[in-house]
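Comments concern the structure below.
Just follow the structure's listing: the first ligand is 1, and inside any ligand the first atom is 1. Index from 1, following the sequence.
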Amino acid sequence: MDLRIKSFDEYKEKYEQSVKDPKGFWDEIAQKFTWQKPYDEVLDWNFTDPDVKWFINGKLNITENILDANLEKRGNKLALIWEPNDPRERFVRWTYRELYEKVNQFANALKNQGIQKGDVVAIYMPMIPELTVAVLACVRIGAIHSVVFAGFSAHALADRINDAKAKMVITADGQNRGHKQIPLKRVVNEAVQNCDSIETVIVYDRVGWSPEMKEGRDIWWHDAIEGMGSDCEPEQMDSEDILFILYTSGSTGKPKGVVHTIGGYMVYAAYSFQNVFQYEESDIYWCTADVGWITGHSYIIYGPLLSGATTMMFEGVPTYPDPGRFWQICDKHGVNQFYTAPTAIRALMAHGEDHVISYSLDSLKVLGTVGEPINEEAWRWYYIHVGKEKCPIVDTWWQTETGGIMISGLGEHTPQKPAHAGYPLPGIQPVLLDQDGNEITENGKEGLLCMKYPWPSILRTTYGDHERCKLTYFSTFKDHYFTGDGAKRDENGMYRIIGRVDDVINVSGHRFGTAEIEEAINSNDKVVESAVVGYPHEVKGQGIYAYVVCDNIPEDKESARGEIVETVVEEIGKIAKPEKIQFVSALPKTRSGKIMRRILRKIAEGEPDKLGDTSTLLDPDVVEEIVEGAL
Ligand code: 6R9
């Protein structure tokens with residue numbers, strides 16, 4: 001199934017067609033997939049409720065498009081290559097036939113453990129091939145997967161399990177990350193103490209530990225698949241049944257479960273994958289993301305495997321055993337498309353060119369980035385040292401909520417400009433609005449990035465709380481999906497993403513809501529209240545800066561900071577650690593009691609001379625104190 005556009009002219013033509021006749025455009029593409037029963041209608045939608053349905057009444061199972069379809073055509077082709085954390089350990093290579101058998105066998109095991117269509121299964125696993133098996137096995141039997149990044153704490157995992165009322169957790173005894181080993185099962189044990197919905201825990205033996213296993217609840221993966229056959233009838237699903245839930249942070253409250261449904265997500269994941277990366281039949285494609293994030297879902301598992309591609313998964317970290325690991329892997333496996341995050345590039349840049357120039361990197365054809373804006377310096381380093389000035393860089397802008405890449409280059413076919421994501425993919429209709437919701441039609445202007453028409457993989461709801469979905473994305477501007485990002489369109493119509501305009505902080509490409517981190521900090525007994533903002537960080541893009549009010553300003557600040565960091569690690573995970581903690585006697589508030597984050601942001605950014613109007617503050621003296629004590 002070749003869905004690729006092969007020139008810039010063809011892109012322009014397809015784009016125009018997709019805007020004039022979106023239903024016809026997507027119908028043509030969707031027909032190339034395997035449906036058990038064809039859909040009656042392509043699309044029905046409104047952004048008011050919101051209610052969006054694609055490929056209405058179509059019946060299918062995605063795994064038939066991934067496994068059965070490719071079994072016939074590509075049975076002996078590699079589906080998955082897995083590179084372990086330790087380069088001395090053997091890597092794994094599975095053909096589509098092997099993947100078929102493993103997924104079906106595990107699907108039978110899930111059924112045998114009582115999982116049925118519509119049940120939610122939480123997956124808390126390391127980056128090992130069995131993670132892909134677990135995901136697809138759920139889909140085979142119509143269960144909904146909710147993958148939770150294995151760096152989240154027991155507390156965060158329990159919250160996600162409880163919100164979705166998951167019946168099962170699939171995990172591993174432990175996880176290898178560079179020099180470290182992390183006891184995943186121990187975290188799961190702690191989490192599920194507070195999760196009544198969990199009936200079963202399946203544990204993959206990755207590191208050879210003997211974690212505590214609870215009789216009657218916990219079972220080893222190898223025991224669960226014992227005697228299970230390698231054929232499992234795919235469950236017939238509706239196009240709009242839930243495929244998965246993935247939790248992500250917003251500006252308010254706890255992380256929300258973004259819901260993607262089957263038909264539309266399938267079509268868009270494959271279409272965007274093939275076009276952005278210009279994948280060709282014999283290519284080896286590698287995305288370094290973790291499956292715990294949307295990038296791993298769409299562009300390690302679904303997009304590539306739906307396209308019959310060879311997708312690579314890496315268990316480790318970019319700096320182990322040395323900062324040349326990514327490039328060593330590219331040469332070792334002959335990687336053709338390489339997709340990573342700006343934060344990884346910046347981190348490797350800091351280790352110097354020596355680690356990259358010794359590798360040939362001959363096989364590379366397309367480089368990609370995702371997760372945050374890429375600064376020009378990192379862009380150039382990537383282009384020159386990794387791509388050897390011959391590989392286009394596709395800067396892919398998208399979100400958990402969009403399901404797939406929205407604005408990006410298409411391999412070498414579209415013009416590229418450092419720090420610019422570029423043009424929207426066919427079928428994507430971005431607009432820039434001003435604060436009042438008026439469309440900014442001229443080029444060369446900045447505005448709030450919105451979408452005025454649905455695309456197949458748009459989120460359908462936030463799990464268990466449709467009102468929240470409506471409020472967050474569809475209420476800011478009438479009849480528009482609001483992304484939360486600000487963007488600028490240049491004279492040629494290319495988009496440059498500026499960053500979040502809401503209270504979301506992007507740390508190393510990971511999203512956190514300020515409210516969520518504040519809540520974690522406030523759960524420390526000594527803390528009265530806190531305010532969290534982002535500030536520019538050389539490697540991480542943004543770092544977390546917390547202003548904390550305690551009963552008294554602590555005498556031993558270092559140990560008080562340590563305690564607060566520990567609380568955040570327990571509540572959310574290491575990835576949300578505040579970089580800077582400033583103890584203050586009060587927070588700057590308006591007379592109506594609202595924290596003036598604008599001021600705190602400026603101070604954290606090191607620009608205390610640009611605070612703007614502070615006259616509406618309840619107590620302007622506080623600002624002086626905060627500026628003086630800034631870190
Ligand atoms: C895929 C993913 C989404 C937010 C998004 C934006 C930022 C992502 C970007 C980018 C500039 C890019 N973002 N890609 N900013 N250029 N190429 O990252 O999803 O974790 O939901 O984050 O990330 O701010 O709104 P998610």
OH-CG distance between Tyr463 and Leu246, expressed to the nearest 0.5 angstrom: 14.0 Å
If only atom types and distance count, is the side chain of Thr402 paired as donor or acceptor with the main-chain N or O of Trp398 below 3.5 Å?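 No, Thr402 side chain to Trp398 backbone: no donor-acceptor pair under 3.5 Å.
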Close-contact set for ligand 1 against [X] heavy atoms, below 4.0 Å:
| X | answer |
| --- | --- |
| Thr400 | 19 (O), 20 (O), 21 (O), 26 (P) |
| Val370 | 1 (C) |
| Asp395 | 12 (C), 16 (N), 17 (N) |
| Asn506 | 7 (C), 23 (O) |
| Thr396 | 9 (C), 12 (C), 14 (N), 17 (N) |
| Ile294 | 1 (C), 19 (O) |
| Thr295 | 1 (C) |

Nearest neighbour in protein (non-hydrogen) for [atom]:
| atom | value |
| --- | --- |
| atom 12 (C) of ligand 1 | Glu372 O, 3.5 Å |
| atom 3 (C) of ligand 1 | Trp398 O, 3.6 Å |
| atom 11 (C) of ligand 1 | Pro373 N, 3.1 Å |

Ring center gap for [X] and [Y] short of 6.0 angstrom:
| X | Y | answer |
| --- | --- | --- |
| Phe482 | Phe477 | yes |
| Tyr481 | Phe474 | yes |
| Tyr495 | Trp397 | no |
| Trp26 | Tyr271 | yes |

Polar contacts were defined as any N/O atom of the residue lying under 3.5 Å from an N/O atom of the ligand; does this apply to Asp485 and ligand 1? yes
For ligand 1, find out whether one of its N or O atoms is nearer than 3.5 Å to an N or O atom of Arg511.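 It does: an N or O of Arg511 is found under 3.5 Å from an N or O of ligand 1.
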Answer with side chain, backbone, both or neither: which part of Ile374 has a heavy atom less than 4.0 angstrom from an atom of ligand 1?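 Under 4.0 Å from ligand 1, Ile374 contributes no heavy atoms.
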Is the positively charged end of Lys580 above the ring of Tyr535, judged by distance under 6.0 angstrom from the centroid and angle within 45° of the axis? yes
Only counting residues at least two apart or in another chain, list the ones meeting side-chain contact (heavy atoms from CB on, under 4.5 Å) with His155.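 Scan of His155 (side-chain contact (heavy atoms from CB on, under 4.5 Å), adjacent residues dropped) gives Ser153, Asp159, Glu571.
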Who gets closest to atom 13 (N) of ligand 1 by heavy atom: Gly403, Gly422, Gly509, Gly371?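 Nearest option to atom 13 (N) of ligand 1, by heavy atoms: Gly371.
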Test: side-chain hydrogen bond (donor to acceptor under 3.5 Å, both in side chains). Region: residues 416-429. Which pairs qualify, not counting sequence neighbours?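 Sorted pair list: Lys417-Asp490.
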